[in-house]
Amino acid sequence: MDRAFNAGLSREFNERRDIDNLFGGNSVYKIEKRQRAFKEWYEGYFTDRQFPLESTTYIIENFENQGLPIEIVGINSAAFSFDDQDQGKLIISQRCIEEINKSQRADGTLRIGLIHHPLSWLSEIERLPVRAAISDAFDLLLHGHLHGNEVEIAHGSSGHLITIASGALYQGSNWLNVANFATLAGSDLTVQPIRYHDSPREIWTQDTSLFPNDPAYAGRFFVQRRRKDTTGALLSIEGTSIEQILTADNLSGGWQSGLFVAPSGKLIYTEPRLCRKPQSAALEFDETLDAISISDFLECRKSYAIDTRSEYGGSTLLGRLSTEMSLRGMSYFSGDARTLPNYKKKLVESITNGKK
């Protein structure tokens with residue numbers, strides 16, 4: 001960033017329309033002059049890439065990993081970075097984000113955004129609409145600048161965005177050296193924070209402070225990869241694999257430990273069949289018309305009351321739903337009605353009278 005070109009430049013805008021007009025397809029002076037040296041280095045080092053002068057967004061890479069299409073997009077938050085008083089003054093432009101969102105990507109592609117500054121540093125004039133546009137356009141957003149590990153989830157109209165902040169890694173930093181290892185299996189994202197110690201020995205270890213309540217000190221999240229048809233309408237969202245559900249016992253009270261185990265050591269589990277009709281009409285069940293999937297249940301904003309007979313798997317279903325909610329980053333409350341005094345008293349009376 002060449003600050004010598006800051007003289008005479010302004011980043012004060014009266015309305016968002018002025019920002020959008022600035023990014024109307026022509027070269028932006030703030031980028032062209034002040035980031036010229038970076039552009040030359042970037043395109044010289046990555047000979048197959050272009051650093052744009054007319055936009056703050058650009059495709060870095062498209063590739064596949066084990067059959068999963070991945071798209072990595074750069075977001076130039078330094079375009080309006082002038083000095084040490086940048087917080088609350090940076091500009092990205094909603095128009096630039098929406099152009100990326102309109103671009104074609106393969107069905108189920110995982111789109112990752114790379115940006116230096118956190119979104120909280122954006123100018124108030126465009127912070128909210130840019131946040132919404134990024135939430136709709138990306139599945140994961142990775143940023144730095146704050147020199148600390150942090151993970152947050154923001155919900156958008158097309159799903160939710162997982163934002164991962166990482167700390168400093170450069171030698172001699174005055175800030176704590178921290179980083180994150182992330183593993184994606186299906187739609188299940190595991191984030192393992194690590195930190196560096198220089199005394200008494202130089203070593204990288206687990207950072208137990210970010211997710212202290214997890215047995216492995218890792219964060220576990222559900223990534224909603226968008227699947228779209230040719231009209232762009234949202235069709236469905238990737239579901240969590242059964243294998244992940246059965247091995248995530250620390251997320252839901254350990255209900256998996258109550259399942260039967262086959263001689264091979266494999267847990268015996270069958271997905272519950274949820275039906276819109278009452279159990280008395282089970283023989284009239286129509287798979288097409290009456291079935292409700294776990295995903296349908298969790299993605300619907302309606303309220304449900306689930307009725308099941310004793311020993312029909314109600315507790316297992318509760319654990320299954322709790323695990324799925326945890327992996328998706330959702331909040332939930334789980335309670336046992338038998339712990340309620342009046343309910344417990346009536347239940348005991350009912351059982352006692354039944355025995356007589």
Side-chain angles (χ1 to χ4, degrees), residues 1-11 19-20 22-65 69-84 86-87 89-106 109-123 126 130 133-134 137-147 161 163-173 175 177 179-180 182:
M1 184 67 65
D2 191 345
R3 293 187 176 182
F5 288 97
N6 286 355
L9 296 182
S10 172
R11 51 185 173 187
I19 300 174
D20 293 337
L22 181 65
F23 291 93
N26 298 319
S27 175
V28 178
Y29 183 86
K30 276 84 169 174
I31 301 176
E32 180 182 0
K33 298 297 183 182
R34 299 169 61 253
Q35 295 186 289
R36 179 173 53 190
F38 176 78
K39 174 180 172 65
E40 292 175 356
W41 170 85
Y42 182 84
E43 295 179 355
Y45 191 87
F46 302 104
T47 56
D48 58 339
R49 301 179 187 173
Q50 294 291 318
F51 184 76
L53 300 176
E54 70 285 349
S55 176
T56 59
T57 58
Y58 51 101
I59 304 294
I60 295 178
E61 194 77 51
N62 277 300
F63 63 97
E64 283 196 10
N65 183 15
I70 300 174
E71 182 177 87
I72 300 179
V73 178
I75 304 175
N76 182 11
S77 63
F80 286 78
S81 176
F82 282 16
D83 46 42
D84 295 333
D86 284 333
Q87 188 168 3
K89 299 177 182 179
L90 301 182
I91 298 293
I92 289 177
S93 172
Q94 181 183 1
R95 181 175 190 167
C96 295
I97 302 298
E98 289 178 344
E99 287 174 356
I100 283 290
N101 200 17
K102 293 176 183 177
S103 63
Q104 294 295 319
R105 60 169 166 170
T109 296
L110 178 73
R111 180 178 279 166
I112 303 174
L114 300 183
I115 184 172
H116 177 74
H117 298 88
L119 299 184
S120 60
W121 280 52
L122 295 180
S123 169
E126 69 160 11
V130 167
I134 288 179
F138 295 92
D139 304 297
L140 297 176
L141 183 67
L142 312 181
H143 76 79
H145 193 73
L146 296 182
H147 307 296
L161 170 73
T163 300
I164 303 177
S166 191
L169 287 178
Y170 51 88
Q171 187 176 11
S173 169
W175 302 91
N177 290 137
N180 296 298

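We number each residue from 1, following the sequence as shown.
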Are any non-hydrogen side-chain atoms of Thr57 and Phe23 less than 4.5 angstrom apart? no
Distance in Å, Leu122 CG paired with Ile92 CD1, rounded so as to fall on 0.5 Å steps: 4.5 Å
Minimum-distance pair of heavy atoms, taken over all atoms of Leu141 and Ile75: CD1-CD1, 4.1 Å
Using only atom types and a distance under 3.5 Å, with no angle test, would you say the side chain of Gln94 pairs donor to acceptor with the backbone of Glu126? no
Contact between Ile60 and Phe46 at the side-chain level, heavy atoms closer than 4.5 Å - yes or no? no
Please give me the minimum heavy-atom distance between Pro52 and Ile31, naming the atom from each residue. O-CG2, 3.7 Å
Does the Arg34 side chain pair with the main chain of Ser81, one donor and one acceptor, at a distance under 3.5 Å? yes
So does Ala133 get a backbone contact from the side chain of Glu98, meaning a donor-acceptor N/O pair under 3.5 Å? no
To the nearest 0.5 Å, what is the distance between OG on Ser93 and CG on Asn76? 12.0 Å
List the atom of Phe138, the atom of Leu161, and the distance in Å for their closest heavy-atom pair. O-CD1, 3.6 Å
Check ion pair Glu32-Lys39 (N to O, under 4.0 angstrom): no
Please work out which of the three classes, parallel, tilted or perpendicular, describes the rings of His117 and Trp121, given edges at 30° and 60°. tilted
Between Glu99 and Ser55 the two heavy atoms that sit nearest each other are OE1-OG, 4.5 Å
Distance check, rounded to the nearest 0.5 Å: Ile100 atom CD1 versus Arg95 atom CZ? 14.0 Å
Show the nearest heavy-atom pair for residues Asn180 and Ala165, with the distance to one decimal. ND2-O, 3.2 Å
Could you report the tightest heavy-atom contact between Leu90 and Ser77, atom names first, then the distance? CD1-O, 3.8 Å
One should read off an interatomic distance between Ser166 OG and Leu142 CG, to the nearest 0.5 angstrom, of 9.0 Å
Are the side chain of Asn101 and the backbone of Ile134 linked by a donor-acceptor contact shorter than 3.5 Å? no
Between the side chain of Arg111 and the main-chain N/O of Val73, is any donor-acceptor distance below 3.5 Å? no
Walk me through whether Tyr58 and Gln50 qualify under side chain to side chain contact (heavy atoms under 4.5 Å, CB included). CA-CA 8 Å; Tyr58 51 101; Gln50 294 291 318; over 6 Å; no
Quick check for you: to the nearest 0.5 Å, what is the distance between Glu61 atom CD and Glu71 atom CD? 10.5 Å
Give, for atom CD1 of Ile72 and atom CZ of Phe63, the distance between the pair rounded to the nearest 0.5 Å. 4.5 Å
So, do Lys89 and Ser123 sit near enough that their side-chain heavy atoms are less than 4.5 Å apart? no
